[in-house]
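Notes for the one structure printed next.
Note that ligands are numbered from 1 as they come in the structure, with each ligand's atoms numbered from 1 the same way.
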Amino acid sequence: MRTMLFPAALAAAVVILMLAVEDGGGVEAAIGLQQPLKLKYQYYRRHTTCKYAEAFVRHQVTLYWNRDKTITAKLLRLLYSDCFVTGCDASILLDGPESEKTAPQNARLGGFDLIDRIKKVMEIRCPGVVSCADILNLATRDAVHLAGGPSYPLFTGRRDGMTSKASTVDLPSASISSKAALAYFESKTLDVLDMATLLGAHAIGTTDCSNVVDRLYNFNNTGKPDPTMSQHFADQLRKTCPRPTNMKGTQSKNPWVYLNPDSGPSYQLGNSYYKRALAHQSVLGVDQQLLYNNDTRELTDEYADEYPWKNGFEGWRRSLALSMNRMGNIDVLTDNSTGEIRRNCRYTN
Ligand SMILES: *[C@@H]1O[C@H](CO)[C@@H](O)[C@H](O)[C@H]1NC(C)=O
Ligand SMILES: *[C@@H]1O[C@H](CO)[C@@H](O)[C@H](O)[C@H]1NC(C)=O
Ligand SMILES: *[C@@H]1O[C@H](CO)[C@@H](O)[C@H](O)[C@H]1NC(C)=O
């Protein structure tokens, strides 16, 4: 049951996209309801000589996942860091002294090794055809599925950007207010449904204490803890994340916490993330802020399955399929003149 807050066209797109998962048809038309789409469904199979590109990616991601389940959270963050900054152009993958990956917000990114490995396979199987931007999007899709998320069709045909500058990185603080977070998403052509849904990626993964200590000791420069966090949970977190001033003596330590202690080392996507928000037990401020916007609050109730007549976690899985395609569509490059197919994801050709 979709609620009033979604435009009718968008709701229709969700439904048609879901049907398309089964029959593989009508997908372009469905997404076309929202905006002209430059990407194509099954681009590699239908429009290139690299018919099995998606299968090659899935195989490599599965091999990696079998050894290291932290890869899903890493790829989700890598993709977000790429798409929200100058679009899904693989600019986050470029090496260089002033590249995006050198920005402070990107200090703890991972997953580059898997992308390199997939690219190596692609350059052997079908040289010069599959872009790094598509590899990142496809690999993330497959890793999400392995972690208990949905499986969904992904539009492809991106080309890789030729520049990457740390100065363009505008990723916001983890303690951002719901209002500022929504403004940020909207500035990237996404909406409140995308925000509430994509944040569910924080059901897995870890974060440095540096992203949490302000909430525990000096929220928004008030000298007090974040009033939206349960006292009991704050007490618990303080044991792992000491006051920054107390960390000086223990310099080699770089304490971290699970973004969602309920999922923790299982690395399974689930709706405990939304349940924790309702219980005021979110780790990051931006996650707790889901309760402070009427639309995201309603979606949080829905995804947490607090009401039997709502969509519950299945609703989240369906929305994620749509929102991942919408995020993957931000400022994509599809022209010869603006983008290339990199031979090595770390360098322009
Ligand atoms: C922090 O304070 C500023 C100024 O009072 C306010 O605009 C902002 O929304 C606050 N941030 C949060 C996360 O509450
Ligand atoms: C949010 O919901 C509350 C309570 O139902 C209402 O008073 C308020 O006006 C709503 N805010 C917006 C921006 O719609
Ligand atoms: C891309 O550029 C090459 C020449 O460099 C040209 O042969 C090819 O047709 C172009 N492809 C597209 C899709 O425009």
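Between K74 and D113 there is no salt bridge, since no side-chain nitrogen of the basic residue lies less than 4.0 Å from a carboxylate oxygen of the acidic one.
For ligand 1, the 4.0 Å heavy-atom shell contains residues S175, S177, F219, N220.
Nearest heavy atom pair, residue S131 against residue R159, reads CB-CA, 4.1 Å.
D226 pairs by the salt bridge (charged side-chain N to carboxylate O under 4.0 Å, His left out) definition with R215, not counting sequence neighbours. By the ring pair (Phe, Tyr, Trp, His ring centres under 6.0 Å) test, F313 is found to be paired with W316, residues two or more places apart in sequence or in another chain being considered.
Between Y52 and Y44, the distance separating the two ring centers is not shorter than 6.0 angstrom.
Under a 4.5 Å side-chain heavy-atom criterion applied to ILVMFWY residues, the cluster that includes W256 comprises Y258, Y267 as well.
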